[in-house]
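Below is one structure, written out as structure tokens, with a few remarks after it.
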Amino acid sequence: MRYADRVAGISWETIEEVRQRLKERPALHFIAGEFVPSESGETFPSLDPATNEVLGVAARGGEREVDRAAKAAHEAFQRWSRTKAKERKRYLLRIAELIEKHADELAVMECLDAGQVLRIVRAQVARAAENFAFYAEYAEHAMEDRTFPVDRDWLYYTVRVPAGPVGIITPWNAPLMLSTWRIAPALAFGNTVVLKPAEWSPFTATKLAEILQEADLPPGVFNLVQGFGEEAGAALVAHPLVPLLTLTGETETGKIVMRNAADHLKRLSPELGGKSPALVFADADLERALDAVVFQIFSFNGERCTASSRLLVEEKIFEDFVGKVVERARAIRVGHPLDPETEVGPLIHPEHLQRVLGYVEAGKREGAKLLVGGERAKTSFRGEDLSRGNYLLPTVFVGENHMKIAQEEIFGPVLVAIPFRDEEEALKKANDTKYGLAAYVFTRDLERAHRLALELEAGMVYLNSHNVRHLPTPFGGVKQSGDRREGGTYALDFYTDLKTIALPLRPPHVPKFGKEGR
């Protein structure tokens, strides 16, 4: 595989250096400022989704490593929470610079480890740097709050203070960007961190730890424990020195974490699954809608929580519009994630591929009509052999909203198209799901667009657009997609405690209990 001397500006020497690094250097834990192996000496392999060969190994952490990391974060919190905001800002800006400096290495590493295509990953690495730069600007002023003067007698005021060590459990689909999205505000607001990355994509977390070490972040402020969810993840959820937990993952995992966290009354920010609808009306700009629908379901290899995996189309244009979606799906370039022309790469892991193929078979059994895809890709658009990897052809079904493929999160390049008669039926079908993360509406009728935006049961509604994140705005869902909001100042509600301070401006009257001669 060699497409040019350079791949989107990245030299083949860099690509081979990253491959060699992953092969030779285990992804270790990072605790109290040092890279360390597991006390047991155990490791686990991480596979290349394009070939299912072992890319490298990671240290297999558990209760002992989490305990050391939590204690390091707890001890460092006593100092970091008192570090001047201007100094924290300096650290975050330095981290952003270093992510940009190491952008090529990070991009190649995530392509190889997560199977995400280069054009997507390069944007995600840039977002990771932006996360730190963005929250660096908040570090000096975000803790300001309100005053409540009461006549001339009292001054009440509120301040925000760091809440404590934060446990961050991240997924495998966009590991670098999604971890930095939580690490950056946590550090900016004076908290310390224990990160547990997904075991299917562990490598960029260790590289990020190297970057934070290069930025001279004080020991213990950021800690990393590699390992499996039921071992390291469960230990982090249960640890008494970690009062805050943020999780990005599937809804069933979120339920388990919430149950276990409840025993310790931990503050939890879950960003969970989605089955987001895209509503396309006959009066829409259909070319724009087509672009958005196809991108939103097939980008990230379909492995994205905000994917518009249910396509609801007005009956009068249903056949024509869905036919164009099928044409686009059939023409999508499936190939190696490092090929700059690839649009859809391999799914993360053989187990996940089998899970997604199981949904394809379930759709067929329920009577959904398979229009395109639904099987493993054998060759790329360049004719390369893809048979060893976890490649699935972009898939489109016509089905009904009650079907399993329309109700459960598949997390792969699988779209279900469903017709509707009118606005009322479109809204009913869109809301008929346990999820509520995002929704997309395509219409030129602005009154209808706003009506639907108010009535759709989703935390985020995009009108005539795909999902375009704006960091100051709140991100999160409703129903079984989660109940918290992060982004911008909204992250303050999770990462800080709000404290009320009361100051009397003249001596207040205090009742005299138990005074003799009362």
Side-chain angles (χ1 to χ4, degrees), residues 167-174 178 181-182 198 229-230 233-234 237 244-263 265-279 296-297 300 302-312 352 355-356 358-359 362-363 366 399-412 414-416 418 426-441 452-462 467 469 473-487 490-491 493-494:
I168 301 177
I169 300 174
T170 51
W172 42 256
N173 60 326
L178 288 175
W181 187 21
R182 272 51 186 271
E230 59 269 26
V237 171
L244 288 80
L245 285 170
T246 172
L247 164 75
T248 304
E250 62 177 359
T251 294
E252 293 308 310
T253 301
K255 290 177 181 179
I256 294 170
V257 170
M258 291 181 78
R259 282 193 293 268
N260 295 339
D263 289 340
L265 291 178
K266 295 196 177 195
R267 186 182 306 171
L268 182 63
S269 177
E271 195 267 281
L272 305 176
K275 197 68 180 174
S276 303
L279 285 63
Q296 196 62 35
I297 181 58
F300 280 87
E303 298 166 323
R304 64 186 304 172
C305 56
T306 55
S308 56
S309 52
R310 287 185 299 149
L311 173 60
L312 307 180
H352 187 57
R355 178 180 181 273
V356 175
Y359 277 105
E366 288 186 304
E400 293 297 335
N401 205 56
H402 67 271
M403 293 177 174
K404 183 176 182 178
I405 56 172
Q407 287 295 316
E408 297 185 15
E409 185 179 43
I410 298 174
F411 222 61
V414 180
L415 178 66
V416 184
I418 303 165
L427 180 63
K428 182 178 179 181
K429 288 184 175 182
N431 287 341
D432 181 20
T433 173
K434 65 182 180 181
Y435 298 107
L437 187 56
Y440 308 87
V441 179
L452 288 168
L454 289 172
E455 297 296 332
L456 283 164
E457 294 169 356
M460 300 170 290
V461 179
Y462 292 87
N467 174 8
R469 281 291 294 128
T473 59
F475 182 99
V478 298
K479 300 196 287 190
Q480 292 193 26
S481 291
D483 62 351
R484 280 277 182 176
R485 295 294 180 272
E486 296 201 31
Y490 298 91
D493 290 333
F494 179 72

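Keep in mind that this is a model prediction, so the values were computed, not measured.
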Problem - Nearest atoms (heavy-atom pairs only) where P270 meets D483 - result: CD-OD1, 3.5 Å
Handout entry: Whether N401 side chain and L312 backbone form a donor-acceptor pair below 3.5 Å
Key = no
Problem - Straight-line distance of N173 CG to L178 CG, nearest 0.5 Å - result: 6.0 Å
Problem - Contact check, side chains of L452 and V461, non-hydrogen atoms, under 4.5 Å - result: no
Handout entry: Which atom of I405 lies closest to which atom of K275, heavy atoms considered
Key = O-NZ, 2.9 Å
Problem - Closest approach of L427 to E455 (non-hydrogen atoms, all atoms of both residues) - result: CD2-CB, 3.6 Å
Problem - ring pair (Phe, Tyr, Trp, His ring centres under 6.0 Å) against F411, all qualifying residues, sequence neighbours excluded - result: W172
Handout entry: Interatomic spacing from CE in M403 to OH in Y359 - rounded to 0.5 Å
Key = 15.0 Å
Fill in the blank from the handout: Sorted by chain and number, sequence neighbours left out, side chain to side chain donor-acceptor pair (under 3.5 Å) with S269 holds for E486
Completion exercise
Rounded to the nearest 0.5 Å, the CD atom of E400 sits from the NZ atom of K429 at a distance of 5.0 Å
Fill in the blank from the handout: Sorted by chain and number, sequence neighbours left out, side chain to side chain donor-acceptor pair (under 3.5 Å) with R469 holds for T473
Problem - Distance, nearest 0.5 Å, that separates CD of Q296 from CG of L311 - result: 12.0 Å
Exercise for the section: Please identify each residue that fulfils side chain to side chain donor-acceptor pair (under 3.5 Å) with E303, with sequence neighbours left out. Expected result: Q116
Exercise for the section: Look only at the side chain of R485 and the backbone of G477, and say whether a donor-acceptor pair between them is shorter than 3.5 Å. Expected result: yes
Practice task
Mind checking salt bridge (Lys or Arg N to Asp or Glu O under 4.0 Å) for R310 and listing every partner two or more places apart, or none if nothing turns up?
Solution key: none
Completion exercise
In this structure, NE2 of H402 is separated from CG of D432 (nearest 0.5 Å) by 10.5 Å
Exercise for the section: Of all the heavy-atom pairs spanning I297 and G412, show the shortest one and how long it is. Expected result: CD1-O, 4.0 Å
Handout entry: Backbone N/O of G273 and side chain of S481: donor-acceptor pair under 3.5 Å
Key = yes
Handout entry: Sequence-distant partners of Y462, ring pair (Phe, Tyr, Trp, His ring centres under 6.0 Å), two or more places apart
Key = Y440
Problem - Residues which pass side chain to side chain donor-acceptor pair (under 3.5 Å) with D493, listed by chain and number, not counting sequence neighbours - result: R160
Fill in the blank from the handout: Contacts of K266 meeting salt bridge (Lys or Arg N to Asp or Glu O under 4.0 Å) (sequence neighbours excluded), chain-then-number -> none
Exercise for the section: Please name the residue in the list K479, Q407, E409 that meets the side chain to side chain contact (heavy atoms under 4.5 Å, CB included) test with Y435. Expected result: E409
Exercise for the section: Decide yes or no for V237 and L247: does some side-chain heavy atom of the first lie under 4.5 Å from some side-chain heavy atom of the second? Expected result: no
Exercise for the section: To the nearest 0.5 Å, tell me how far R182 CZ sits from T246 OG1. Expected result: 3.5 Å
Practice task
Test side chain to side chain contact (heavy atoms under 4.5 Å, CB included) on T170 and I168 and set out the steps.
Solution key: CA-CA 6 Å; T170 51; I168 301 177; 3.7 Å; yes
Handout entry: Pairing residues for E408 by the salt bridge (Lys or Arg N to Asp or Glu O under 4.0 Å) criterion, not counting sequence neighbours
Key = none
Practice task
Mind listing the closest non-hydrogen atom pair of I418 and G399 along with its distance?
Solution key: CG1-O, 3.6 Å
Practice task
For atom NZ of K428, decide whether the heavy atoms of other residues, nucleotides or ligands shown that lie under 6.0 angstrom number more than 12.
Solution key: no
Exercise for the section: Identify the heavy atoms of S308 and A278 that sit nearest to each other, and give their distance. Expected result: CB-CB, 3.9 Å
Practice task
Please collect all side-chain hydrogen bond (donor to acceptor under 3.5 Å, both in side chains) contacts where either partner lies in residues 251-262, sequence neighbours excluded, each pair once.
Solution key: E250-T253, E252-K255, K255-Q480
Handout entry: Set of salt bridge (Lys or Arg N to Asp or Glu O under 4.0 Å) partners for R267, sequence neighbours left out
Key = D497
Problem - With sequence neighbours excluded, residues passing ring pair (Phe, Tyr, Trp, His ring centres under 6.0 Å) with F300 - result: none
